[in-house]
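So you know, we letter chains A, B, ... as the sequences are listed, proteins then strands, and number each from 1.
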Amino acid sequence: MNYFPDEVIEHIFDFISSHKDRNSISLVSKSWHKIERCSRKRVFIGNCYAINPERLIERFPSLRSLTLKGKPHFADFNLVPHEWGGFVHPWIVALAKARVGLQELRLKRMVVSDESLELLSRSFASFKSLVLVSCEGFTTDGLASVAANCRHLRELDLQENEIEDHRGQWLNCFPESSTALTSLNFSCLKGETNLAALERLVARSPNLESLKVNRAVPLDALTRLMSCAPQLVDLGVGSYENEPDQESFMKLMAAIKKCTELRSLSGFSEVAPLCLSAFYPICQNLTSLNLSYAAEIQGNHLIRFIQFCKRLQRLWILDSIGDKGLEVGASTCKELQELRVFPSDLHDEEDNDTAVTEIGLVAISAGCPKLHSILYFCKQMTNAALITVAKNCPNFIRFRLCILEPNKPDHTTSQSLDEGFGAIVQACKGLRRLSVSGLLTDKVFLYIGMYAEQLEMLSIAFAGDTDKGMLYVLNGCKKMRKLEIRDSPFGNAALLADVDKYRTMRSLWMSSCEVTLGGCKRLARNAPWLNVEIINENENNDLMERNEEDEREKVDRLYLYRTVVGARKDAPPCVTIL
Amino acid sequence: MFVEKMDEFVNLKATELRLGLPGTDNVCEQRVSCNSNSNKRALQPDAENEIESSTMKTPPRKAQIVGWPPVRSYRKNSIQTKKNESDGESQGIYVKVSMDGAPYLRKIDLSCYKGYSDLLKALELMFKFSVGEYSERDGYRGSDFVPTYEDKDGDWMLIGDVPWEMFESNCKRLRIMKGSEARCLGSGV
């Protein structure tokens, strides 16, 4: 290979797109390293504090697409203070200063400001795509800058962000000359939008394939939008709690019928049953359906709908569908690959007989041979069911089971669920992501360590008995990248047993466990290439000034991650980096 | 003697200082922290509370654990807003309304109204009267009727002086005064 000119090698490398593969290539030789890094277009950074923007730019000067992730996963559940960090601004400043030809930016759990968005919109002439997932810190003013200044914008995708809605005219800010949009998602905006501006924008975007509107777009506007964009492949609708009148219904149905390319449907934060039925004509084409925000819709309406969806590959739904509904899904949706069943009753208040149980899970596993990803919230589970599921579906890549009540045992035998989860990890040799719940002892972790060879991410809550549990996992799972643990009795012995293990992992989260300040300090001393962050309730606790006795004090939240750039400078008072 | 002692005991319990809303027996929100081997005991406080409170009328809310169930805040918030909207009726702020000269009282739910004008319009319809014009200085002028309310301190206040939210939380009952008494109150005494 070294006899080929660089351009040829570079051309060959162009065919290699996966991050892992490109990382491997760069390790082969100095010359390959150089060719690879100079030609690399897409970079994925799973932890924005593992590296800094300057080093990134130095290594990959031809960067076009950057993905950054900020806060740890448990920030989704309010376990990380808002001010923790994950600011995108320094990245945008550095990229702008170095005149990187950035075209695409994808951010997850980061803090984005209007200032950042404004700078972004003015600094990269070829900017095409902005995807923000679970971010916060900006307003519709920032969106207005992006709309106004990014002349080649193709994609603006806002998923589940906290955006302050100034009810301004940001949609108006797309210039008349902007006709390149392929994807527009503003479903998470809470306020009203300028409907006329939206309709004009959609009308002049012939390449628009994905459109997801927010709750405030009424039915007649939706009908008009669909009528002028029958080419849509992916549609997110608004909120329609009132039944439409006859005329509106007919118009809606006519518009829907024309959308023969529609494959993905979402939105529906409220939907009257009649409205839902207007979509029946295109159900048979759907490969992806998200009805998980439609809290008021009764199970029987959901079941009617799903009966038409024979080609469904991805289904996100609420547990109001019930076991019966999942049985229907199992017999209808033979192509199903991914299922998420979310809880409609978060506080376990209602004596709800219609929620899903182990019966629904078994039914789905029996009926859908292609199922590889599942997220399942339920109130009860049994080992027998899990063992059956493991037999039916050995192809799971992601298996996340959340039994709502912590420590709940098998409800028929009162035993722990060790055997059930053990069966899952033993059968599913390709399992990469696992979340466990219910009553679990150290034994389940012995099984995980023994069998889950491909496991990269493990989430543990209210489980285990002793440090052995965590040690089984750390010693056994060679491919572990992200381990997150809460409310489990794992302490210093497990934390400190194999410090080098953390070189191979992206991060470790432990909250409400048994690790102490002393243990964390020792870890930090032995592993200077780790950032060991202690997150406290009160800002006023300056941990570094505490005396020896406090070393025995338990640490509320610990987050550690490997990094090549040392302790970050932007940590708030409630975070101490040891 | 024994009976007296029991009465004493019962009274003592009534005045016992506890965390939580009146009428419930357990703490509304607590972090379930974990000591070694106490994983399985983490929910015992719950069990105890359930036994204690089985004599209570309303079932107590189970102790809520921070960040559990693991549902994204975005999703939790959207379910919560919907729950609040639909639960509005059962959590209403019901107050009695009397009108001088009327044979019986009415009851209304303050949380149904967006503000004073909404409320007053509803009262006007209910009792077939009109309130006159409100000014901060002079109260209600131009009518024999003056809308008043009794606040938490037991004082009779003119409706409209304080912000709506403050009014909602302080109002115990309404009275539409009529005649000379009303004129006194209404004209900025």
Side-chain angles (χ1 to χ4, degrees), chain A residues 73-80 134 159-162 188 190 215 239 241 269-270 292-293 295-296 318 342-349 351 377 400 402-409 416 435 437 439-441 459 461-467 486-489 491 511-514 537 554 556, chain B residues 20-21 23-51 53-54 56-91 114:
Chain A
H73 176 230
F74 276 0
D76 282 352
F77 317 130
N78 288 338
L79 289 176
V80 176
S134 296
Q159 299 176 29
E160 299 190 349
N161 302 290
E162 288 295 328
C188 57
K190 300 191 186 102
R215 313 172 49 118
S239 160
E241 53 180 341
S269 47
E270 269 133 39
S292 65
Y293 285 99
E296 307 302 317
L318 284 171
F342 293 97
S344 48
D345 167 27
L346 292 173
H347 304 307
D348 208 9
E349 276 165 355
D351 249 330
F377 284 85
R400 292 191 282 165
C402 180
I403 301 165
L404 288 169
E405 191 185 315
N407 293 322
K408 190 158 184 185
S416 74
S435 298
S437 59
L439 183 64
L440 296 166
T441 72
S459 309
F462 305 100
D465 302 312
T466 72
D467 282 327
R486 63 166 292 179
D487 294 276
S488 301
S511 57
S512 303
C513 296
E514 301 286 306
E537 288 292 322
K554 290 201 196 126
D556 190 33
Chain B
L21 293 174
T24 63
D25 228 274
N26 55 343
V27 179
C28 271
E29 247 188 72
Q30 66 190 40
R31 171 86 63 86
V32 178
S33 66
C34 167
N35 301 310
S36 51
N37 288 332
S38 76
N39 255 337
K40 296 162 193 101
R41 273 183 274 156
L43 292 182
Q44 263 198 14
D46 251 353
E48 285 167 9
N49 284 333
E50 285 197 34
I51 296 167
S53 54
S54 57
M56 295 251 167
K57 274 192 189 149
T58 49
R61 231 157 171 220
K62 285 195 179 160
Q64 286 172 46
I65 303 164
V66 173
W68 192 265
V71 171
R72 272 195 188 166
S73 324
Y74 179 85
R75 186 176 285 278
K76 263 190 181 159
N77 292 341
S78 69
I79 297 183
Q80 214 47 52
T81 2
K82 256 170 274 164
K83 269 218 150 148
N84 291 341
E85 282 165 18
S86 62
D87 276 354
E89 271 181 31
S90 54
Q91 289 169 9
K114 299 194 190 94

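Residue contact with chain B, scored on non-hydrogen atoms closer than 4.5 Å, is absent for P409(A).
Judged purely by atom type and a 3.5 angstrom limit, W68(B) has no side-chain atom pairing as donor or acceptor with the backbone of E405(A). At least one donor-acceptor pair closer than 3.5 Å links the side chain of R75(B) to the backbone N or O of S292(A). Side chain of S73(B) to main chain of F77(A): no donor-acceptor pair is present (N/O by atom type, distance under 3.5 Å, no hydrogens or angles). R486(A) places a side-chain N or O within donor-acceptor distance of the main-chain N or O of G67(B), the cut-off being under 3.5 Å.
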Evaluate side chain to side chain contact (heavy atoms under 4.5 Å, CB included) for E162(A) paired with N77(B), printing each intermediate quantity in order.
CA-CA 11 Å; E162(A) 288 295 328; N77(B) 292 341; 4.1 Å; yes
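Between P70(B) and F377(A) the shortest side-chain heavy-atom distance falls below 4.5 Å.
Considering all non-hydrogen atoms of both residues, N78(A) and V66(B) come closest at O-CG1, 4.5 Å.
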